[in-house]
Structure formats: C-alpha cells, structure tokens
Asks: 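I'd like to ask some things about the structure below.
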Amino acid sequence: MDPTKASTFKPGNAEDDPQPPLVPKSAIPKNGPIENLVFTDFDASLGGGGSKGDSGIKKPAGRKSINGKKFKTNGGIPLRQGDVECSSEECSESDEENGSGIEVPLLKSGCLVGKRKQPGVEELVGGMERERASSNSLIHQFQTADLEEVPRGIVRQARKLVDYEFPVHRLKTRLEHSNKLPLVIVACGSFSPITHLHLRMFEMALDAIQEQTRFEVIGGYYSPVSDSYKKPGLAPAIHRVRMCELACERTSSWLMVDAWESLQPHYTRTAKVLDHFNDEINVKRGGIENSKGEMVGVKIMLLAGGDLIVSMGELNVWANADLHHILGQYGCLLIERTGSDVRSFLLSHDILYKHRRNILVIKQLIYNDISSTKVRLFLRRGMSVQYLLPNSVIRYIQEHGLYVNESEPLKQVVGDDD
C-alpha cells in the first residue's frame with residue numbers, strides 16, 4: 001500500500017525509525033532467499049541425486065470423493081466428465097421433475113441409467129418471458145444465489161476487532177514435499193473492488209514459485225486496507241472484505257481473506273501487516289509440520305504489482321527500515337504490469353538491489369490490465385463490468401449501490417494506480 005494515501009501520513013526523513021516499531025529479526029523464521037532452481041536441483045528433486053527416502057516432486061494423483069462418490073484424479077483435476085456424476089438419488093430426483101417435453105436417454109459414465117424429460121416449447125417460451133420480464137431489474141435471474149449462504153468449510157471474517165479470529169480453514173497443516181520449504185503469500189491493497197486480475201496474481205505467483213523455487217505454497221491471503229486509508233473511491237472496509245470473500249470462497253481452494261488490517265482504527269504499515277501474519281502463523285501456531293513430523297517456520301512474502309515497487313523509490317514515502325524489513329526479512333513477489341520495467345528499477349535502487357535475491361519478478365505471459373479504478377469509472381458511467389469481476393462481486397455491488405454516486409479526482413482516474 002502507498003503510505004502517502006494514509007490520513008496520518010507525514011513526509012519525513014527515510015532514515016527515521018518507523019512507529020510502531022517492527023518485530024525483531026529473531027522472531028521471523030530464516031528460510032533463505034528466493035532463488036531460481038538449477039539443473040542439479042531438478043535432478044535431486046526427481047531422485048537422481050537425493051538421498052534414499054526423499055519423496056521428490058510428485059503429482060497429487062489418487063482418488064478423491066465428492067458426496068461419497070470416488071473418482072480418479074490427476075493433479076486434483078477430474079480426468080473425464082463422466083468421472084464426476086450426480087448420485088443415484090440426485091439423478092432420480094431430477095428425473096421426477098414435471099414437464100411437457102419429450103423423454104431423452106439419461107447416460108451415466110456411458111451407460112443408460114434412465115430417462116429424463118427435455119423442456120417443451122411451452123416451457124421454453126415461458127422461461128424466456130420470465131427472463132424478459134426481469135431484464136429491467138437490477139439483479140438478473142442468473143444471479144439469484146444467496147450471497148450470505150456460506151459454503152461448507154468456509155469461515156467468514158468478523159466485522160468487529162473484538163470478534164476477530166485469524167482464518168486458517170484453507171491453510172495447510174503439513175508439507176506435502178520433503179524437499180521444499182513452506183511459503184504463505186500475502187496481498188495488501190484496497191481491493192475496491194476486487195477484480196479478476198487480483199485473483200490471477202495469486203495464480204501467476206503460484207506457477208512461478210512451483211517452477212523457479214524450492215518453496216511450497218501452503219496458503220494465500222488478501223488483506224484489505226482499513227477505512228483510515230482515506231483514498232477516493234474506497235468503499236467501506238466491511239464491503240471490501242465481503243467482496244474479497246465472495247470472489248475467492250467459491251473459486252479457489254487455497255485463498256483466504258484476513259480482516260485484521262481492515263479492522264484497525266488507524267492505517268497500518270505494510271511491514272506491520274507482515275509482522276501480524278508472522279505472529280499468527282509462526283509465533284502462535286509454531287509454523288507447519290514437515291514430513292518428519294517436525295514443526296518448521298513458514299516464510300511469508302508480499303505479493304504486489306510493479307507500481308508498488310516504483311513507489312518504494314519515491315523520496316520520503318517509505319521508511320528505509322520498513323523497506324529493509326519487508327524485503328530482507330520477508331520478501332516480495334512482483335507482478336510486472338504493462339509498460340513497466342521492474343528489473344531496471346531494481347538495478348537502480350540501492351535497497352531493492354541489496355535484497356534482489358529475496359525478490360521474485362513474475363512476468364505476465366498473458367497481459368491483464370484490469371484495474372479497480374477503471375471498474376469504478378465504468379460503474380459511474382452505467383457501463384457493463386461483466387467478465388471484469390466475479391459475478392458474485394457484481395451482484396454485491398448492485399445490491400448495495402456501491403461506486404455509483406461517487407466521484408474521483410481526474411488525476412487518480414488517469415493515473416490508474418490500483
């Protein structure tokens with residue numbers, strides 16, 4: 001987060017000690033820097049040079065279960081559409097639906113198990129008329145899911161700091177690979193609103209970590225900033241947290257939302273946010289269990305866009321102590337944005353260059369420049385934001401009337417900095 005947007009920001013000397021103070025280095029696990037794999041690493045991971053008993057890198061193949069029905073998997077993905085079918089009870093219930101259409105064969109894994117009725121002309125016409133009747137309403141028929149229905153196993157965040165609990169429902173409790181180190185990814189930002197690019201950033205980071213490092217990702221977190229950030233276009237924190245939850249709770253198996261930063265009465269520096277995650281994961285919970293049953297420390301890294309790293313080079317914006325703490329003790333995953341030259345900037349900045357081995361620059365193979373600023377602009381102009389945001393987030397914005405009757409400085413809209 002850009003500290004200059006905070007209401008309490010006061011330009012000062014970069015050499016000043018930031019307040020409140022940072023946690024001591026001894027409280028942060030030392031997992032080593034982010035370093036690229038070399039050919040010998042690949043050989044060892046495949047069992048060519050490792051000691052006996054090393055599990056190496058394995059695809060999580062096996063058998064999974066959905067609603068009590070087992071199916072084969074390859075890397076956690078069903079092999080065929082027929083591998084995942086409704087149970088016999090569910091199929092029989094769908095067969096009993098009344099309708100005036102014709103009966104068609106019902107196949108299950110290539111075998112005939114019954115018949116079902118296909119909607120007739122009258123039913124289709126009736127459905128079209130109902131859809132046309134609702135076309136002028138704010139919420140469409142395909143958006144009729146209950147947004148407050150919490151999926152199984154999901155824990156939503158508290159709305160008051162006194163009720164806050166750190167989310168761990170998707171955090172791994174044991175490492176899967178004996179030759180890898182645990183890593184948690186944290187993204188700080190306004191997320192007003194969260195977009196598909198915010199979701200894709202985590203997936204791009206996951207790919208890069210798996211291909212280029214010795215780390216195993218055990219969880220990912222969104223940490224929305226508090227209302228004291230005072231940036232134009234910033235929706236109330238309670239809405240931004242809920243939109244982040246809606247965006248990832250039904251679309252991801254490893255992403256979570258932590259509301260601690262958003263519940264703070266004052267702006268919290270990024271370095272202190274990372275300290276919070278270190279305290280929750282490594283201090284309070286003792287890290288994670290490895291394949292030998294031992295508890296090991298978890299490395300925590302900040303996920304950010306290239307524009308954030310550029311702001312780190314601006315005079316008297318970031319305290320030098322914070323930069324050394326973020327980049328030296330934790331590390332940073334940088335997603336390059338269109339037109340940015342992050343590597344040249346790293347070369348020219350003394351502090352960033354010093355910690356360059358703890359910074360992983362991730363190039364976008366398919367460029368995605370969706371921004372929350374442009375989304376808010378589209379909403380104010382009454383334009384479509386379909387396919388820029390998850391449908392659940394779009395519906396939430398519509399239901400609560402967010403961003404419509406607001407204005408932002410032209411410089412911020414043109415600058416497109418979030």
Side-chain angles (χ1 to χ4, degrees), residues 127-128 130-152 154-157 159 170 187-204 220-225 227 229 231-259 262 303 305 335 337 364 366-408 412-413 416-418:
M128 294 171 63
R130 288 191 296 271
E131 185 172 353
R132 281 197 298 267
S134 62
S135 61
N136 294 327
S137 65
L138 199 59
I139 307 301
H140 300 288
Q141 280 195 341
F142 61 83
Q143 297 173 320
T144 56
D146 182 7
L147 296 182
E148 295 308 315
E149 179 186 354
V150 183
R152 181 180 299 178
I154 299 297
V155 178
R156 285 188 172 172
Q157 288 290 278
R159 299 188 176 189
R170 285 175 171 169
C188 299
S190 57
F191 306 114
S192 187
I194 187 171
T195 70
H196 281 309
L197 177 57
H198 293 132
L199 297 168
R200 278 292 304 159
M201 285 175 63
F202 274 94
E203 295 298 321
M204 287 186 282
Y221 290 90
Y222 291 99
S223 180
V225 73
D227 290 334
Y229 195 48
K231 178 181 179 181
L234 192 70
I238 188 174
H239 292 312
R240 292 182 286 110
V241 169
R242 186 65 76 236
M243 286 188 286
C244 287
E245 289 176 328
L246 291 171
C248 65
E249 65 187 11
R250 286 182 172 86
T251 62
S252 175
S253 61
W254 63 287
L255 295 180
M256 294 164 281
V257 182
D258 180 53
S262 69
L303 175 63
I335 307 293
R337 300 190 71 172
Q364 291 194 62
I366 300 178
Y367 281 103
N368 184 340
D369 281 337
I370 300 174
S371 73
S372 298
T373 302
K374 289 297 191 296
V375 169
R376 296 193 299 268
L377 177 63
F378 283 16
L379 290 169
R380 291 198 299 271
R381 299 294 185 260
M383 300 168 66
S384 171
V385 293
Q386 196 73 26
Y387 308 120
L388 299 178
L389 320 173
N391 283 338
S392 56
V393 175
I394 295 176
R395 183 188 166 189
Y396 188 92
I397 292 172
Q398 293 172 338
E399 287 187 349
H400 293 84
L402 302 179
Y403 310 116
V404 178
N405 299 316
E406 299 178 1
S407 61
E408 297 182 36
Q412 177 171 301
V413 176
D416 194 12
D417 59 353
D418 68 340

Asks: Can a donor-acceptor pair be found, under 3.5 Å and without considering hydrogens, that links the side chain of Arg240 to the backbone of Val225?
Replies: yes
Asks: Hey, could you give me the SG/CD1 distance between Cys248 and Ile154, rounded to the nearest 0.5 Å?
Replies: 7.5 Å
Asks: Looking at side-chain heavy atoms only, is the closest gap between Tyr221 and Leu255 below 4.5 Å?
Replies: no
Asks: Nearest 0.5 Å, please: how far is CD1 in Ile238 from NE2 in His400?
Replies: 8.0 Å
Asks: Is the backbone of Gly233 close enough, under 3.5 Å, to the side chain of Ser192 for a donor and an acceptor to pair up by distance?
Replies: yes
Asks: With rounding to the nearest 0.5 angstrom, report the CG to CE distance, Asn368 to Met204.
Replies: 7.0 Å
Asks: Taking only residues two or more places apart in sequence, or in another chain, which ones meet Leu379 in a side-chain contact (heavy atoms from CB on, under 4.5 Å)?
Replies: Val375, Val385, Ile397, Tyr403
Asks: Just so I know, are the side chains of Met256 and Glu249 near enough to count as touching, which here means a heavy-atom distance under 4.5 Å?
Replies: no
Asks: Name all residues meeting the side-chain contact (heavy atoms from CB on, under 4.5 Å) criterion together with Ala247; count only those two or more places apart in sequence or in a different chain, and write none if there are none.
Replies: Ile194, Leu199, Pro390, Val393
Asks: For Met243 and Leu402: C-alpha separation, side-chain torsions, deciding distance, then whether side-chain contact (heavy atoms from CB on, under 4.5 Å) applies.
Replies: CA-CA 11 Å; Met243 286 188 286; Leu402 302 179; 4.0 Å; yes
Asks: Please identify which of these residues, His239, Arg242, Glu245, meets the side chain to side chain donor-acceptor pair (under 3.5 Å) condition with Tyr396.
Replies: His239
Asks: Tell me, with the steps shown, if Leu388 and Lys374 meet side-chain contact (heavy atoms from CB on, under 4.5 Å).
Replies: CA-CA 10 Å; Leu388 299 178; Lys374 289 297 191 296; over 6 Å; no
Asks: Using the side-chain hydrogen bond (donor to acceptor under 3.5 Å, both in side chains) criterion, which residues pair with Glu203? Sequence neighbours excluded.
Replies: Trp254
Asks: Using ring pair (Phe, Tyr, Trp, His ring centres under 6.0 Å), reason through His198 and Tyr222 one step at a time and then give a plain yes or no.
Replies: CA-CA 9 Å; His198 293 132; Tyr222 291 99; 7.3 Å; no
Asks: Minimum heavy-atom separation for Cys244 to Phe191, with atom names?
Replies: SG-CB, 3.7 Å
Asks: Decide yes or no on side-chain contact (heavy atoms from CB on, under 4.5 Å) for Gln364 and Leu197, but give the supporting numbers first.
Replies: CA-CA 11 Å; Gln364 291 194 62; Leu197 177 57; 4.3 Å; yes
Asks: Could you walk me through whether Met201 and Leu303 satisfy the side-chain contact (heavy atoms from CB on, under 4.5 Å) test, starting with their C-alpha distance in whole Å, then the side-chain angles of each, then the deciding distance to 0.1 Å, before giving a yes or no?
Replies: CA-CA 8 Å; Met201 285 175 63; Leu303 175 63; 4.0 Å; yes
Asks: Once rounded to the nearest 0.5 Å, what's the spacing between atom CG of Leu389 and atom CZ of Phe378?
Replies: 10.5 Å
Asks: Has Arg170 got a side-chain atom pairing as donor or acceptor with Ser252's backbone, closer than 3.5 angstrom?
Replies: yes
Asks: Compare all side-chain heavy atoms of Ser190 with those of Pro224 and state whether any distance is below 4.5 angstrom.
Replies: no
Asks: Please check if the side chain of Gln157 supplies one atom and the backbone of Asp258 the other of a donor-acceptor pair under 3.5 Å.
Replies: no
Asks: Judged by atom type as modelled, is there a donor-acceptor pair below 3.5 Å linking the side chain of Thr195 to the main-chain atoms of Ser371?
Replies: no
Asks: Kindly say whether Leu246 contributes a backbone atom to a donor-acceptor pair with the side chain of Ser392 at under 3.5 angstrom?
Replies: yes
Asks: Look up atom CD in Glu399 and atom CD1 in Ile394, then write down how far apart they are to the nearest 0.5 Å.
Replies: 12.5 Å
